[in-house]
Novice: 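Provided herewith is a single structure, encoded as structure tokens, for subsequent inquiry.
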Amino acid sequence: MNHVAKFWPLSDVHLGRNNSGLVFNSKKLYRLAIEATTRNFSNNPRCTAYREAIDELPLGIRFNVLSEMCDYPSLVDVQLKILSDPMLISDFIKNFSSDLTPLVQCLQWLESVKKSLPIQLFRQYKKLIDENIRTGGLSSFDYRCGLRIGTFLTETGWLVEAIGILQLTQQHAQFGTAEELSVLRQLMRAQTLAGKLINANKTYDRMKRMLGKVVQQRLMFQNLPEKEREVQRLQDLQAGVCHAFSLYHFEDLNLVDSYEYGMQSLSMISARSPSRLLVDVLRQIARACTGSQRYEKAACMLKFAIGLVAHEYGRGSGLYAETLEDLAILLLACNQVSESVDVYADAQHIYMQLYGARNLLHSLAQGNLAYGLYLQAYVTGRRDRALHHVMKAVENYKRILPPDHRMLTQARRLSVTMDLFTFGSVAGSDLDGFNVVSINHKEIEALSVRDVWAHFHEINKSYNDE
């Protein structure tokens, strides 16, 4: 409590009053204290005492103070300098993985004032590695620092910087082991989402050669009681690798292999697997099913994913909004245009609640930045007109944006998503017999990982029936 009280500007005022309501309303007092501290610092940004005080704060309070600095132009340089520490960012991701909204807010704010935190993180991470090489401390260097940062940047759309950090991390993970494979898994995800499929294919080939060793290692430990946690870790890694393969094949328009690898990944997940892994796998299978016009299966997967996200992360989380975007795409593919727009509006409302007005800037927003273009293209009613519309938009982005800009990276993938749409009834699809309108995300029951696992036979049955 001493640490908190030391940086609690309003504590003397409130605690000095004989009013139990104010004292016990700690959440409100905490927010007021954070705001007051930041506001005072913004009035004197060169004050070394404030700067040193922030470094002494407990990690959670420091996390919130740095987020509160957003929208204070006088604190931009201070905020950027503090957040450019890769070890600090790694600690934030490790300790607050269930809700990294404040960190995303910082990324958006700094980007909006022409300060790129991801680039600074890459530079500082490279500098950190070089320093460890020079001092001989690389043997004790934890590769998971770069893995956490690279994964976070991949999930939030800063793909080019994520690739750079993950490539550095790969060089210093233990060669040919599960360590390196866990890094390559995230590297291939970033390369695939960035549209760098040639590079992703090279990573894919190396991962396939390494996967056999990991499987053998898991089988060796299978019946050893003291190795249960290691077996689970290796099994989850194997599931994650298959998920990455599924994503790669989807972006390469090989929907058959994408579906197969997605179902392989799902079959490896247990009740003790990380919830985020299961969510990612379910969402990816839903995409593959949508692409091959298996709309009922896609809806089944999304229902599980939405229920799981609601339970584990909440219906106001960024991941919930992302999953709603998948549902909006499915509805659009099923020609349920108005329902699709309604679901996407719900997702956008969540983003606005989380990230505020900055989410209005498409170049900074989270989520599917190009959905509006998908909708505009689809309602043209003809594939040739839709593709022309998409390609024209991409050319416009190329003229006004840097080559590796986040918006341009997503725009390059527009044509892949367009291939999910049938532009009318297609023979052999289950579109006519499936009422997608019946999916109301607000009525889907929240599900834990164990709940989803309990229903696994339903999912697995759909795979075996193929």
Novice: Any donor-acceptor pair under 3.5 Å linking the side-chain atoms of Q170 with those of E180?
Specialist: yes
Novice: Quiz question: by atom type and distance under 3.5 Å, do the side chains of S84 and Q124 form a donor-acceptor pair?
Specialist: no
Novice: Establish, from distance only, whether the side-chain atoms of Q232 and R229 form a donor-acceptor pair under 3.5 Å.
Specialist: no
Novice: Do you see a donor-acceptor pair shorter than 3.5 Å between the side chains of D451 and S448?
Specialist: yes
Novice: Would one find more than 12 heavy atoms of other residues, nucleotides or ligands at under 6.0 Å from atom CD1 of I198?
Specialist: no
Novice: Under a 4.5 Å cut-off applied to non-hydrogen side-chain atoms, are I329 and E325 in contact?
Specialist: no
Novice: Please determine if D130 and K126 form a salt bridge, counting it only when a charged side-chain N lies under 4.0 Å from a carboxylate O.
Specialist: yes
Novice: Flag the pair R144 / S90 as yes when at least one side-chain heavy-atom distance between them is below 4.5 Å, and no otherwise.
Specialist: no
Novice: Which residues satisfy the side chain to side chain contact (heavy atoms under 4.5 Å, CB included) test with I93, sequence neighbours excluded?
Specialist: I89, L100, L103, R148, I149, F152
Novice: For E395, enumerate each residue passing the salt bridge (Lys or Arg N to Asp or Glu O under 4.0 Å) test, keeping only those at least two apart in sequence or located in another chain.
Specialist: K398
Novice: Tell me the side chain to side chain donor-acceptor pair (under 3.5 Å) pairs involving residues 189-200, sequence neighbours left out?
Specialist: Q186-R189, Q191-T203
Novice: Is any side-chain heavy atom of I269 less than 4.5 Å from a side-chain heavy atom of D236?
Specialist: no
Novice: What I'd like to find out is whether the side chain of H172 reaches to under 4.5 Å of the side chain of I133, using heavy atoms alone.
Specialist: yes
Novice: Does a side-chain heavy-atom distance below 4.5 Å link R283 with E322?
Specialist: yes
Novice: Considering residues at least two apart in sequence or located in another chain, which fulfil the ring pair (Phe, Tyr, Trp, His ring centres under 6.0 Å) criterion with F96?
Specialist: F63
Novice: What's the separation between atom CD in E179 and atom CG in L184, rounded to the nearest 0.5 Å?
Specialist: 11.5 Å
Novice: Checking side chain to side chain contact (heavy atoms under 4.5 Å, CB included) between E161 and each of L166, T154, L153, which is the one that passes?
Specialist: L153
Novice: Thinking salt bridges, do R276 and E155 make one under a 4.0 Å N-O criterion?
Specialist: yes
Novice: Who pairs with Q235 by side chain to side chain contact (heavy atoms under 4.5 Å, CB included), at least two apart in sequence or on another chain?
Specialist: R218, M268, S270
Novice: Check whether N201 reaches the backbone of L197 with its side chain - one donor and one acceptor, N or O, closer than 3.5 Å.
Specialist: no
Novice: Does any pair with a residue in residues 190-246 pass ring pair (Phe, Tyr, Trp, His ring centres under 6.0 Å), and if so which ones, sequence neighbours excluded?
Specialist: Y204-F245, Y204-Y248, Y204-H249, F245-Y261
Novice: Is there a side-chain contact between L266 and L278, using heavy atoms and a 4.5 Å cut-off?
Specialist: yes
Novice: Tell me, do S275 and Y313 make a side-chain contact under 4.5 Å, heavy atoms counted?
Specialist: yes
Novice: So do the side chains of I350 and D346 get within less than 4.5 Å of each other, counting heavy atoms only?
Specialist: no
